[in-house]
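As structure tokens, the structure follows; a few thoughts come after it.
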Protein chains: 2
Amino acid sequence: MNDQNEQSNYDVKKYRTPDGAPADIVMFTLTKRERKTVTKTLPLRELRVMLIRRRAWPFAGKWALPGGFSRDDESLYETAMRELKEETGVVGRHLEYLSVYSDPGRDPRGWIISHAFFALVEEEVLEKRQAADDAGEVGLFTIEEALEELDLGFDHRDIIADAYRRIQEKMLQTTIARKFLPQEFTLSELYQVIKAVVPDFEEPNFIRKITSTRSRKGILEEVRDENGNPVSSNQYSQRPAQLYRFLDNVPRLSIYS
Amino acid sequence: MNDQNEQSNYDVKKYRTPDGAPADIVMFTLTKRERKTVTKTLPLRELRVMLIRRRAWPFAGKWALPGGFSRDDESLYETAMRELKEETGVVGRHLEYLSVYSDPGRDPRGWIISHAFFALVEEEVLEKRQAADDAGEVGLFTIEEALEELDLGFDHRDIIADAYRRIQEKMLQTTIARKFLPQEFTLSELYQVIKAVVPDFEEPNFIRKITSTRSRKGILEEVRDENGNPVSSNQYSQRPAQLYRFLDNVPRLSIYS
DNA sequence: ATAATAGTGTCTATCAGACATTATACC
DNA sequence: GGTATAATGTCTGATAGACACTATTAT
């Protein structure tokens with residue numbers, strides 16, 4: 001029998017092995033800022049990324065993504081969930097795998113292969129959390145700040161750039177907008193959320209397209225009360241606006257049809 | 001000074017580290033089979049996955065994805081390129097990252113975090129290669145065989161299922177169809193390639209849509225000779241068919257517009 | 001002539017895109 | 001009444017979807 005066919009002959013330490021496999025999390029949130037105007041109006045929404053200031057070597061003092069090393073009893077998804085909770089206090093939000101970062105030399109601590117995730121969180125969840133800890137060590141930055149102004153540790157600028165591209169794509173092709181909205185929302189709110197993530201999205205006939213084109217049936221439904229009457233809200237506008245909620249249907253997109 | 005701020009105090013071996021970070025490759029190819037008919041006709045095209053029969057423990061004798069461990073002087077993408085070449089003889093084809101597989105216990109050799117890639121290769125490249133090595137050890141299987149009939153090693157069934165979903169999505173949303181086609185091709189060939197990967201794709205007006213809708217301008221262009229006359233081919237049909245080539249434009253897709 | 005695949009005509013309903021207009025509130 | 005946002009009307013041209021029809025070759 002071939003001696004490679006025996007477990008007892010297998011030596012897991014024959015070659016050098018990685019020094020760690022962390023999960024790093026790009027946590028996106030939409031901040032809402034009240035606007036002081038004469039009449040009711042939508043708050044300003046801005047896409048922001050959470051960063052923490054590093055205390056330890058390497059890159060001590062620099063801003064970087066929250067994250068930490070995976071353990072041998074958990075999947076990387078579980079690592080990301082755990083670190084998200086430990087480092088930022090956020091629990092159970094949308095968390096999705098992005099990519100792996102493995103260029104030799106990317107981490108001065110050794111051979112460290114990092115797995116990036118991105119999370120989407122409503123601002124309210126963060127506000128509770130932030131009050132609870134050391135304010136100077138956690139920051140919410142706009143994408144422009146994170147990508148152009150800050151000097152980030154590791155290759156985290158690349159990771160954030162990739163995550164931004166991914167979230168823009170998903171914002172247009174899926175219904176992840178729901179992660180930044182309450183259960184029931186107006187179409188202006190939805191439009192504003194999309195534009196906050198994809199600034200060059202323009203759709204003058206947005207309301208009509210989303211409400212009355214056959215090909216988009218199944219994305220949204222009107223909210224109705226127990227008598228079947230449409231429910232509207234005038235929280236953000238003079239004239240009340242119809243409330244909608246997301247359904248689970250996402251049309252299949254194709255460049256060929 | 002905080003003692004965590006010194007490189008000299010950093011111990012990379014304080015915690016258990018992974019026993020390896022392999023790259024596994026889901027190599028897709030479209031096999032072409034001549035059909036014996038009275039007249040000229042397109043060959044049958046079928047999507048297939050390359051598997052190798054394992055020689056060593058674990059899962060010796062079972063079919064599994066080609067792949068191998070990453071080294072500390074290369075990125076995982078480079079690992080995948082190298083393994084693709086070493087294990088299958090294929091060089092320089094489309095190779096793209098898929099996802100990470102890290103469930104505890106997924107590999108009996110230890111704590112091994114696997115990185116799946118997928119590759120797209122024309123059949124011709126494989127044919128040259130296959131003749132050159134031990135025929136029994138390499139196989140090309142249809143997706144149905146790989147997912148339903150074979151008993152694969154590791155979690156490779158899940159990986160193939162994920163890769164299949166991904167390639168179906170990309171086939172409709174990008175121009176990766178070009179990876180399975182010659183530089184210049186007819187619209188029937190393109191349609192056939194799409195259907196080989198996404199069997200339920202149906203578009204009766206395919207030719208008209210791709211050639212004469214404004215919103216799809218920039219995907220394809222007609223091949224023309226030095227005098228500007230359209231070039232056609234009758235390799236696969238009685239009546240010659242116009243040849244096309246891909247351009248670099250891919251329209252941005254959105255469920256909202 | 002016949003068969004086979006490539007490609008166009010044609011018709012209706014739907015959709016896109018651009019503006020104008022009306023509707024419903026608060027002030 | 002004035003103002004702000006929500007929603008609809010309306011018009012033109014483009015597209016979708018279905019089916020019939022014509023075109024170009026090999027045999």
Side-chain angles (χ1 to χ4, degrees), chain A residues 34-45 172 184-193 195 200-220 222-223 229-244 251-257, chain B residues 34-45 172 184-193 195 200-220 222-223 229-244 251-257:
Chain A
E34 300 295 325
R35 283 189 296 171
K36 290 188 188 67
T37 53
V38 236
T39 58
K40 291 184 282 194
T41 186
L42 279 173
L44 280 177
R45 286 185 220 240
L172 296 182
E184 305 179 348
F185 51 87
T186 69
L187 295 183
S188 298
E189 283 187 281
L190 171 56
Y191 188 67
Q192 194 203 19
V193 166
K195 289 216 56 149
D200 64 339
F201 178 78
E202 295 281 348
E203 186 47 70
N205 276 326
F206 183 72
I207 294 185
R208 172 176 291 140
K209 281 201 181 177
I210 201 68
T211 58
S212 47
T213 54
R214 230 177 32 175
S215 56
R216 294 183 188 80
K217 202 166 282 180
I219 300 178
L220 296 179
E222 295 179 356
V223 178
N229 298 315
V231 180
S232 57
S233 155
N234 63 350
Q235 186 181 3
Y236 298 125
S237 60
Q238 312 279 39
R239 173 174 173 175
Q242 175 65 43
L243 290 174
Y244 289 83
R252 181 207 249 180
L253 297 171
S254 162
I255 63 173
Y256 298 114
S257 66
Chain B
E34 300 294 325
R35 283 187 297 170
K36 290 189 186 64
T37 52
V38 241
T39 58
K40 291 184 280 194
T41 186
L42 278 173
L44 281 176
R45 287 185 219 240
L172 296 182
E184 304 179 350
F185 50 87
T186 68
L187 295 183
S188 299
E189 283 186 282
L190 172 56
Y191 188 67
Q192 194 203 20
V193 165
K195 289 216 56 148
D200 64 340
F201 177 79
E202 295 281 347
E203 186 46 69
N205 277 325
F206 184 72
I207 293 184
R208 173 176 291 144
K209 281 201 180 178
I210 202 69
T211 58
S212 47
T213 55
R214 230 175 33 173
S215 56
R216 294 182 189 80
K217 202 165 283 178
I219 300 177
L220 296 179
E222 296 179 355
V223 177
N229 298 316
V231 179
S232 57
S233 154
N234 64 349
Q235 184 180 5
Y236 298 126
S237 59
Q238 313 277 42
R239 173 174 172 175
Q242 175 65 44
L243 291 175
Y244 289 83
R252 181 207 249 179
L253 298 172
S254 162
I255 62 172
Y256 299 114
S257 66

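All of these numbers come straight from a predicted model, not from anything done at the bench.
- Contacts of S233(A) classified as side chain to side chain contact (heavy atoms under 4.5 Å, CB included), with partners at least two apart in sequence or in another chain: Q235(A), L243(A).
- Where R208(A) and S212(A) meet DNA chain C, the nucleotide closest to each residue was compared, and S212(A) sits on the side nearer the 5' end.
- Near DNA chain D, defined here as any heavy-atom distance below 4.0 Å, the residues from residues 232-242 of chain A are S237(A), Q238(A), R239(A), P240(A), A241(A), Q242(A), listed numerically.
- Across the protein-nucleic acid pair, E203(B) atom CD and dA16(D) atom C1' stand 8 Å apart, rounded to whole Å.
- If you take CZ of F206(B) and P of dG17(D), they are 14 Å apart, rounded to a whole angstrom.
- S188(B) comes within contact range of the sugar-phosphate backbone alone, with a heavy-atom separation under 4.0 Å but no base atom that close.
- In this model, the phosphate group of dA16(D) is not approached by any side-chain N or O of R214(B) to a distance below 4.0 Å at OP1 or OP2.
- Atom-to-atom, NZ of K209(A) to C1' of dA7(D) comes out at 17 Å; the value is rounded to the nearest Å.
- Backbone-only engagement by S215(A) is indicated by non-hydrogen atom pairs under 4.0 Å involving sugar-phosphate atoms exclusively.
- Proximity of K209(B) to I207(B): side-chain heavy atoms (C-beta onward) are nowhere separated by under 4.5 Å.
- Within the 4.5 Å cutoff, the side chain of Y244(B) has no heavy atoms near those of the I219(B) side chain.
- Ranked by how close their nearest DNA chain D nucleotide is to the 5' end, T39(B) and P204(B) are led by P204(B).
- Here the side chain of Q242(A) pairs a donor or acceptor atom with the backbone of V231(A) at under 3.5 angstrom.
- Note on ring orientation: taking the six-membered ring where Trp is involved, the planes of F201(B) and Y256(A) are perpendicular (angle over 60°, cut-offs 30° and 60°).
- The distance between atom CG of N205(B) and atom C1' of dA20(D), rounded to the nearest whole Å, is 12 Å.
- The backbone N or O of A241(B) lies less than 3.5 Å from no partner atom in the side chain of Y236(B), so there is not a single donor-acceptor pair.
- Annotation: side chain of R216(A) is not in contact with side chain of I255(B) (no heavy-atom distance under 4.5 Å).
- Within 4.0 Å of T41(B), counting heavy atoms only, lie sugar-phosphate atoms of the nucleic acid but no base atom.
- Residues S188(B) and F206(B) fail the side-chain proximity criterion, which asks for heavy atoms closer than 4.5 Å.
- Taking 4.0 Å as the cutoff to heavy atoms of chain B, we find the contact window on DNA chain C bounded by dA4(C) to dT10(C).
- Distance, I207(B) CD1 to dT22(D) C1': 14 Å, rounded to whole Å.
- In this structure, the side chains of E203(B) and N205(B) come closer than 4.5 Å at one or more pairs of heavy atoms.
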